[in-house]
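Remarks on the structure that follows.
Heavy atoms only: backbone and side chains are in, while hydrogens, waters and symmetry mates are out. Just so we're on the same page: letters track the sequence lines, and every chain starts at 1.
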Protein chains: 2
Amino acid sequence: MATAGAIEVDPALRRRLSKLTGATGSPEVDKHGVQFTRNARDYKAGQAIAFEGEEVASVLCVLDGWISLSKTLEDGERQIIDFGLPGDIVTAVAADGTTSCLEVDALTDVTVAALSHADWERRQSASPELREMADHLAAASHARLSERMLRLGKGSAPVRIAYALLELCVRLRSIGQTQDHTFHLPLTQQHLGEFTGLSSVHVCRTLRRLSRQQIIQTEDHLDIKIIDLAALSGIAGIGPDRLQAEIVPAPMPTILAPGNG
Amino acid sequence: MATAGAIEVDPALRRRLSKLTGATGSPEVDKHGVQFTRNARDYKAGQAIAFEGEEVASVLCVLDGWISLSKTLEDGERQIIDFGLPGDIVTAVAADGTTSCLEVDALTDVTVAALSHADWERRQSASPELREMADHLAAASHARLSERMLRLGKGSAPVRIAYALLELCVRLRSIGQTQDHTFHLPLTQQHLGEFTGLSSVHVCRTLRRLSRQQIIQTEDHLDIKIIDLAALSGIAGIGPDRLQAEIVPAPMPTILAPGNG
DNA sequence: CGACCTTTTGAAACGATTCAATACTGGTGG
DNA sequence: CCACCAGTATTGAATCGTTTCAAAAGGTCG
């Protein structure tokens, strides 16, 4: 597998995505002994995957690792619009259908499958389940943006940070990457600032305050443990259950069934 | 027509939507002389159309007038996530597919057609053009949220206000509701504050400053005339042309053609 | 006309940013 | 192995932009 150690992906997730996109995240060996991957490409942490304004493939499927979708203002200030986690399907095209309206970057080593508009359409037409899954993922993405926008516009720093941690916890939980409200974020405080619209300095202060209040515990630069989930939810203004219903796409049993892997 | 005076809708737009949704915005008279409308419902300005957390129809088509899509924090602070203008198709459902993750309100008298998930699916399956149009509208909506989120997170008050005016100008232009960069917003400064994440007081100050700088001209509570488009674009950090490509769905000649009306 | 909502402006208070200095981390090469 | 480096985290102090509070003016409607 391309991605080194840190992130272990749920095999069911990978199976689902491989089936849907025709991509094989891990290299296969053909009959001549040559390694290849179908559709999927690997990128190293920190690498740019797509630039704003560039012509892009219609759809990106994240097979492995984290990507960030961001935009920058003329003065260089960057806003992370969303994170792409394993299992996410990202459409970064603008309304004109051809150019990207977002910059896409690899936060960790990642494996990403890029599909053309035509290819994506073909696959969706062939599989109503895929279409439904894509619709759910899009609805989840939209709901995430809305929740975040609410807090960007009207929330204080603690609200934004608490919400960000809660959102990422819920999303990671849904793909099996948390244990008892403990999880790792492959981010710097700078990233978290770009995500929450705060300066990295203020992110630091706010995290330390939450830490001193025994609401979270941090280790090793953003290994997060949520100690007091109720308190964190209280600050964020939403609980994990309602948040999950809103921003995590419902599992698709048909597609996830072992027989389809 | 249900909507009084202020907003005149492009007949082509209404034709397009009526065909797609099966709704007739204006009352029809059946053979018994009884007035009726199919699917579409009218709401008065200020009326709530849907509440957050409520079970909702999957899709709302705005036939006439403005609606706002908003969320509120526990302390009562509200953020307007997006406006729905004539011709927009709004899906307010959360990822769970059943409940609304947004509050929907009528800003003017409006005519809105509500479609169930099943109905919407059926229509999309029957018409690839409809599916494509819906995809474009969704991409446009996503691009709008992204642009706005960038400025909510990283932009100063003038940037946010300038962008909001520019976005609304571009959107209104695309449905024929501007004349020479002059347009009417059916909003209060309070609304504009909820849209831009600013207090209404600061919206006022910022508008007056833009006005004093001869960049815009305001009359009659939010009749806006953009005098210096270049300057406004400069502040907003994006020009009208690029913005239009990003956030306005491409017209669909097949559907808009008179023969299909 | 009065009641109510919206806009406008000033002054004080608050929260977040910026600047700056120090400490910590992991990786590199002598 | 240690020294060094660049990037990151942490903390304090000063500054800045926005909010809040308050008061007055304008508009609309019964």
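Atom NE2 of A:H202 is separated from atom C1' of D:dT18 by 14 Å (rounded to the nearest Å). Rounding to whole angstrom units, CG of residue A:L107 and C1' of D:dT8 are separated by 16 Å. In this entry the distance linking CG of A:D223 with P of D:dA9 reads 12 Å, nearest Å. Taking atom CD on B:E219 and atom C1' on D:dG27, their separation rounds to 15 Å, with Å as the unit. Between the CG atom of A:L185 and the P atom of D:dT8 there is a distance of 15 Å, rounded to whole Å. Taking atom CG of residue A:L207 and atom P of nucleotide D:dT10, one finds them 8 Å apart after rounding to whole Å. Rounded to whole Å, atom P of C:dT7 lies 17 Å from atom CZ of B:R209. Rounded to an integer number of Å, the gap from NZ of B:K154 to P of C:dA16 is 14 Å.
With salt bridges taken as basic N to acidic carboxylate O contacts below 4.0 Å, one links A:E52 and A:K71. Salt bridge annotation for B:D82-B:R171: present, with a cationic side-chain nitrogen under 4.0 angstrom from a carboxylate oxygen.
Of the two residues near DNA chain C, A:D220 and A:R160, the one whose nearest nucleotide lies more 5' is A:R160. Between A:L222 and A:G153, the one whose closest nucleotide on DNA chain D sits nearer the 5' end is A:L222.
Out of D:dT18, D:dA9, C:dA16, the shortest distance to the side chain of B:L198 is found at D:dT18. Which of C:dT7, D:dC21, D:dT11 sits closest to the side chain of A:C204 comes down to D:dT11. Here the nucleotide nearest the side chain of B:P158, chosen from D:dA9, D:dT20, D:dT18, is D:dT18. Checked against D:dT8, D:dT20, D:dT18, the side chain of A:T188 finds its nearest nucleotide in D:dT8. In this structure, of C:dT9, D:dT11, D:dT18, it is C:dT9 that holds the atom nearest to the side chain of B:R208.
B:Q189 has a side-chain polar atom (N or O) that falls below the 4.0 Å cut-off from OP1 or OP2 of C:dT8.
A donor-acceptor pair is defined here as one N or O able to donate and one able to accept, closer than 3.5 Å; no such pair exists between the side chain of A:E194 and the backbone of A:R78. Panel note: side chain A:S141, backbone A:L137; no donor-acceptor pair is recorded below 3.5 Å.
B:T188 and B:H191 form a side-chain donor-acceptor contact under 3.5 Å, judged by distance and modelled atom types alone.
A:G197 comes within 4.0 angstrom of sugar-phosphate atoms only, judged by non-hydrogen atoms across all strands, and of no base. Residue B:S156 is in sugar-phosphate contact alone, with no base atom involved, counting any heavy-atom pair closer than 4.0 Å across all strands shown.
If you check distances only, the side chain of B:R205 does reach the base of C:dG10 with a donor-acceptor pair under 3.5 Å.
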